Amino acid sequence: MLAEQLQRLAGIGLRVPVEELPGGALGWRRRVRLAVDETGHAGLRAHRSHDVLPIADCPLAPAGTLAPVLERTFEPGREVEVTVDADDVVHVDTGPVVQRAAGREWRLSPGVFWQVHPALPDTLAAVVGEWAAAPEGGVAWDLYGGVGLFASVLAGQVGPTGGVTVVESSRQAVADGRAALADLTQIGWRAGRVEKLVGSLDGQPDVIVADPPRKGLGRELVDALCARAPQRIVHVACDPAALARDVSLFAARGYRLEKLRAFDAFPMTHHFECVALLVAG
Ligand SMILES: C[S@@+](CC[C@H](N)C(=O)[O-])C[C@H]1O[C@@H](n2cnc3c(N)ncnc32)[C@H](O)[C@@H]1O
């Protein structure tokens, strides 16, 4: 899929392996949303339907975590979110949930983004850090930054004399990120949409990290980012077509695809996660 989209949308002939993450094909999904039927039992929605099917378990969730939830009854017609935290504690619709990655710890409020595969945050943080290589005393942006997973790594690279700006639309994510990374005073937080705020960000970034939702960046944002002339752009993407389109837009602005990796972050599904390094000149 990735090779096809790169060829079709960016004219790039490149094949990269989709790398396995540790932990195997099952039991990786740390957050599961269930629907509740009219009898109060939680289950999964049938494909393209509102019908709720009873289930005994879900092999994608960590073994044994769903059974106690499936035995309970809930208010009919609602949804139930089950989250397994970094200490394997199972939370049903409650927060905060403790998660750890890149040597740090976050307390996440309900609804705040965190990757569902337990090995992905550390894997992405390592690749993003290696490829961003933000200079000491430099400036880095973490766009669509969530609670600042990548910002925490970038902050270590630029050090106390540098600056990292996180832009994230969820106010709750910004609040949770600020609290978790309060000691990293070189991080500045902006709550709002990237499209709206990017023009008002100060300074000339050495590095931009962008981890947008499925639709990717698109022409206007790619233009806005390239206009700031960063040396490097690290693009994290979960949709290969949107990534290939963005790579082609960056190429038209003089940024070449220098490195690309893909990870099987959603085993047993057709989804996967990519990281691309785009370099000026
Ligand atoms: C794929 S997540 C990445 C979060 C973070 N980089 C991480 O790895 O944990 C995308 C994030 O972008 C935020 N978001 C979605 N649309 C946005 C927008 N238009 N502007 C800013 N943030 C947005 C979401 O709330 C979410 O936290």
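Nothing fancy with the numbering, it's 1 onward along the sequence. Note that this is a predicted model, so its numbers are computed, not measured. As the structure lists them, so they are numbered: ligands from 1, and atoms in each ligand from 1.
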| task | Tell me which protein heavy atom sits closest to atom 20 (N) of ligand 1, plus the residue, atom name and distance to 0.1 Å. | result | Val194 N, 2.9 Å
| query | In terms of atom number and element, which parts of ligand 1 are under 4.0 angstrom from non-hydrogen atoms of Gly192? | reply | 20 (N), 21 (C)
| message | With rounding to the nearest 0.5 angstrom, report the CG to CZ distance, Leu9 to Arg245. | response | 9.0 Å
| task | Using a strict cut-off of 4.0 Å, indicate which atoms of ligand 1 neighbour a heavy atom of Phe150. | result | 6 (N), 8 (O)
| Ser169 N/O under 3.5 Å from ligand 1 N/O | yes
| said: Pairs of nitrogen or oxygen atoms closer than 3.5 Å, one from Asp142 and one from ligand 1: do any exist? | reply: no
| said: With clusters defined by side-chain heavy atoms of hydrophobic residues (ILVMFWY) lying less than 4.5 Å apart, directly or transitively, does Val279 cluster with Leu154? | reply: yes
| task | Check ligand 1 against Gly145 and write out every atom of the ligand that is under 4.0 Å from a heavy-atom position of the residue. | result | 5 (C), 6 (N)
| query | Going only through I, L, V, M, F, W and Y residues with side-chain contacts under 4.5 Å, is there a path from Phe263 to Val128? | reply | yes
| Any Phe266 side-chain heavy atom under 4.5 Å of Leu60 side chain | no
| said: Measuring only between side-chain heavy atoms, which start at C-beta, is Val89 closer than 4.5 Å to Val84? | reply: no
| query | Is the side chain of Arg193 donor-acceptor paired with the backbone N or O of Val167 at a distance under 3.5 Å, no angle test? | reply | no
| query | In the protein, which heavy atom is nearest to atom 10 (C) of ligand 1, and how far is it? | reply | Asp211 O, 3.4 Å
| Protein heavy atom at shortest distance from atom 26 (C) of ligand 1 | Glu168 OE1, 3.5 Å
| said: Tell me the protein heavy atom at minimum distance from atom 18 (C) of ligand 1, and give that distance in Å. | reply: Tyr144 CE2, 3.5 Å
| said: Regarding Asp85 and Arg107, does a basic nitrogen lie under 4.0 Å from an acidic carboxylate oxygen? | reply: no
| field | Proximal ligand 1 atoms for Pro213, defined as those under 4.0 Å from one of its heavy atoms | value | 15 (C), 16 (N)
| message | Any non-hydrogen side-chain atom of Gln157 less than 4.5 Å from a side-chain atom of Glu136? | response | no
| task | Indicate yes or no: does an N/O atom of Glu195 lie under 3.5 Å from an N/O atom of ligand 1? | result | yes
